[in-house]
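Before I ask anything, let me first share the structure, which is written out below as structure tokens.
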Protein chains: 2
Amino acid sequence: MIRCVKCNQVHAITRAGILRGKQRYYCKDCKTYFTLPDADKKVVAETGKKHMATIVDIAKALNISKSTVSRALREHSDINPQTREAVLKKARQLDYQPNQLAQSLVKSKSNTIGIIVPEFLTYFFPTIIMGAQEVAAKAGYNVIICQSQETFKTEVANAQVLLSNRVEGVLISMTKDTKNFEHFRTFERHGIPVVFFNRVCEEMNTPRVLVDDYNGAFMAVEHLIKNGYKNIAHIGGPSILRISHNRLNGYKDALKKHKLKIKDELITHCDLSKDAAHACAEKLLNLKNRPDAVFCVNDPAAIQLMLVAKNMGIKIPEKLGVVGFSNDPISAVIDPALTTVEQPVADIGRTAMRLLLDNIKKGIDGFKPVTKSLKTNLIERQSSVRKK
Amino acid sequence: MIRCVKCNQVHAITRAGILRGKQRYYCKDCKTYFTLPDADKKVVAETGKKHMATIVDIAKALNISKSTVSRALREHSDINPQTREAVLKKARQLDYQPNQLAQSLVKSKSNTIGIIVPEFLTYFFPTIIMGAQEVAAKAGYNVIICQSQETFKTEVANAQVLLSNRVEGVLISMTKDTKNFEHFRTFERHGIPVVFFNRVCEEMNTPRVLVDDYNGAFMAVEHLIKNGYKNIAHIGGPSILRISHNRLNGYKDALKKHKLKIKDELITHCDLSKDAAHACAEKLLNLKNRPDAVFCVNDPAAIQLMLVAKNMGIKIPEKLGVVGFSNDPISAVIDPALTTVEQPVADIGRTAMRLLLDNIKKGIDGFKPVTKSLKTNLIERQSSVRKK
DNA sequence: CTGAAAGCGCTAACAT
DNA sequence: ATGTTAGCGCTTTCAG
């Protein structure tokens, strides 16, 4: 329903190109060109969203083409140094900030990496992210961090968000009850490299970064044995997770090596929550045949155990030796200080990110599904050392 | 340099519209239309970047227009239910994922919030982020998290990144040596709402979220006084930060109220790093007139103090009362357990994000620079309670 | 109810 | 060295 501004006619109107960004019309009847007055432009101006300068603004101000501006800004090929200077100056004047979204869209490259972690509750994942971000930033990549909150559904939603944001690669540590991997396979199907760390997916053929859980556990338990503990229990993690498996195996093999019996009643599994660890601790310490030492799947679990033991009046390390895993900052200051298996946490993040960037560069077909295993290291403190 | 496929001619070629996404040419000489064979399309296909389905793909497959597809996907206005079903089905079939970047570009709305925090070293900022993300996710917003690493330069770079990504709002906790605020003002200039939390900017007229540092400190010190400590020292934070100020004032006023002298030598300032706190602790405990209690600006500082005291053989709480601030998870398990001022950490994040989303909705002109002050709460543990 | 076309801000191939 | 044009994937009038 365009009405000619001159003859007030409706039927003889055709479009006639664009004039300064506005639709121009032509009235065949009175043979005039016209554009419509823009009544609503002001509304936008009033909402408070101050216009952000674009390359077109710069181009107009300098009376050159936007390609030239783009080239000047990107320090492209041959451009007149004077033009370039003028552009840069004007850009500063107008407070110009390149629009990443537009840039990404046209280049089909978002410069963004996605990270999915289960939680932020202990120092562990935040520290990994620090390491990963450090490496990403150096390579000019941004990072979108998602927390799955140990919930499968959230994890699937996270994957969607990352996909929608066209991340170029993804770092993942799964929730403890992820059994279906379709949402991860989607990445692969679209050629988006994935690297798992810590909680890795066995079913997928991707690079992974782990710490040497088996050896760490083995060292830990052997250390307990050497300190004279004989009835050693284990608070393990969820059995789906490879880390739980590996640590359990390390535990078992250390016992075997030293000819100690593996007793099923001494092996418990928690879901990595505080409460579950607490329950495991209570169960173990209330056994008729009470263990004289416990190797725990991680420090938070060990700390729960220590609290339960304190409450029951069981002396650590005299009556109960305790070893944790991961060297949480707490373990150094708790009393008695907790013996634990140190893992290079920030390094996990750095290594995973490096691996990922590498794979992005190579393209998904150049993928080698390497598994990097970082070294663990036993830190002996008081919770497991009996004075002789 | 387009060469006619028929007459091999170069000069009489004009463009003649687009055919199936490809430039069509017309040779005036031999009067034929033609398109160029696409030699390089394959290269793209070989790089491994699998094509992601777009609305055009869906449209073509269904032989309808992309507008219709868009409408069907967005559950727009009136659309034929059958068409909609068909579109949704095809979308699922093709593994279609909307391109957020394109969507954001056209809507000039990125659906993304930026967060700048100094570090991830203690549980504090990660926990705040958890809270903030929780609220953002519910409102359908993504979050880009930046760590300034307590470095002004990095903070400025962070701001640029967020600006380039066209975030719709920003949550900030400043580095301890941010004195210039141009990079924050840029947000305001572009109508992007900013909310500060914890380490707020006094010079800017924005909403802020704080905890009641003054009262927390006051309660803490009064608690020490009531437990019979008389020579109470303070390890404070960097004096530029408002939190340091407020906590210091709470300390002073509690002393005043109870007619205790404020002694300058008992007031020290650290930069919130472990080492600086350690140094402060050593300085205080080596004074001729050694304090019998210390109120610390945060728990990590208090823990450093406790370590130094332990090393020097000073008994806590008998010879030295200690109170921290923030209820770090460590403070509950350290020995003796640390009395501390609890702050609702995750709530800071939630409140700040709610305030921000609110301001985004209202537009920057509807801004009210409210300052929300969340309640603090003294948790009495052993480090400050002398058995009578 | 559907289609055509313009345009978000930018880059890049092509044409001077 | 610079301008012109097409197009990245999408939404949104406008016009049937």
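Values in this document were obtained by computation on a predicted structure and should not be read as measured data. Naming: A, B, ... by sequence-line order, numbering from 1 per chain.
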> Around K361(A), counting heavy atoms of other residues, nucleotides and ligands shown, do more than 12 lie under 6.0 Å from its NZ?
Replying inline: no

> Should D358(A) and R354(A) count as an ion pair when the cut-off is N to O under 4.0 Å?
Replying inline: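 Judged by the 4.0 Å cut-off on N to carboxylate O distance, D358(A) and R354(A) do not form a salt bridge.
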
>> Measuring from atom CG of N63(B) to atom OG1 of T68(B), what distance do you get when rounded to the nearest 0.5 angstrom?
In response: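 That separation rounds to 11.5 Å.
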
>> Can you list, in residue-number order, the parts of residues 84-100 of chain A that come under 4.0 Å of DNA chain C, counting heavy atoms only?
In response: Y96(A), P98(A), N99(A)

> With a non-hydrogen cut-off below 4.0 angstrom, is L101(A) in contact with a base, only sugar-phosphate, or nothing?
Replying inline: nothing

> How close or far is atom C1' of dG7(D) from atom CD of Q103(A), stated in whole angstroms?
Replying inline: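 Distance, rounded to whole Å: 16 Å.
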
> So, do L162(A) and C146(A) sit near enough that their side-chain heavy atoms are less than 4.5 Å apart?
Replying inline: yes

> Is E85(B) paired with K90(B) through a side-chain N to carboxylate O contact shorter than 4.0 Å?
Replying inline: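 No, this pair does not count.
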
>> If I take atom NZ in residue K109(B) and atom C1' in nucleotide dG7(C), what distance separates them, rounded to the nearest angstrom?
In response: 19 Å

>> Less than 4.0 angstrom between a side-chain N/O of S70(A) and OP1 or OP2 of dT11(C), yes or no?
In response: yes

> Considering heavy-atom distances to DNA chain D, does K66(A) or P81(A) have its closest nucleotide positioned more toward the 5' end?
Replying inline: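 Of the two residues, P81(A) wins.
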
> Whole-Å distance between dG9(D) P and N165(A) CG?
Replying inline: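 For the pair N165(A) CG and dG9(D) P, the rounded distance is 15 Å.
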
> Going by atom types alone, do E168(A) and T112(A) pair a side-chain donor with an acceptor below 3.5 Å?
Replying inline: no

>> Can you identify which nucleotide, out of dA4(C), dT11(D), dT11(C), has its nearest atom closest to the S65(B) side chain?
In response: dA4(C)

>> I need the CD1-C1' distance between I55(A) and dT5(D), as an integer number of Å.
In response: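 About 13 Å, once rounded to whole Å.
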
>> Could you work out how much the helix from dC1(C)-dG16(D) to dT16(C)-dA1(D) bends, comparing the axis of its first five pairs with that of its last five, to 10°?
In response: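 One end axis against the other gives 40°.
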
> Quick one: L105(A) CG to dG9(C) P, roughly how many Å, whole number?
Replying inline: 12 Å

>> Within the 4.0 Å heavy-atom criterion, would you say T83(A) contacts the bases, only the backbone, or no part of the nucleic acid?
In response: sugar-phosphate

> Side-chain donor or acceptor of S67(B) under 3.5 Å from a matching atom on the base of dA4(C)?
Replying inline: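 Yes, a donor-acceptor pair under 3.5 Å.
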
>> Suppose we call a contact any N or O donor and acceptor under 3.5 Å apart; does that hold for the side chain of R71(B) and the base of dG3(C)?
In response: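 Result: at least one qualifying N/O pair found.
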
>> What is the separation between atom NZ on K107(A) and atom P on dA6(D), rounded to the nearest whole Å?
In response: 22 Å

> If only side-chain N and O atoms of T68(A) are considered, is one of them under 4.0 Å from the OP1 or OP2 phosphate oxygen of dT2(D)?
Replying inline: no

>> Could you tell me how far apart R74(B) (CZ) and dT2(C) (C1') are, to the nearest whole angstrom?
In response: 17 Å

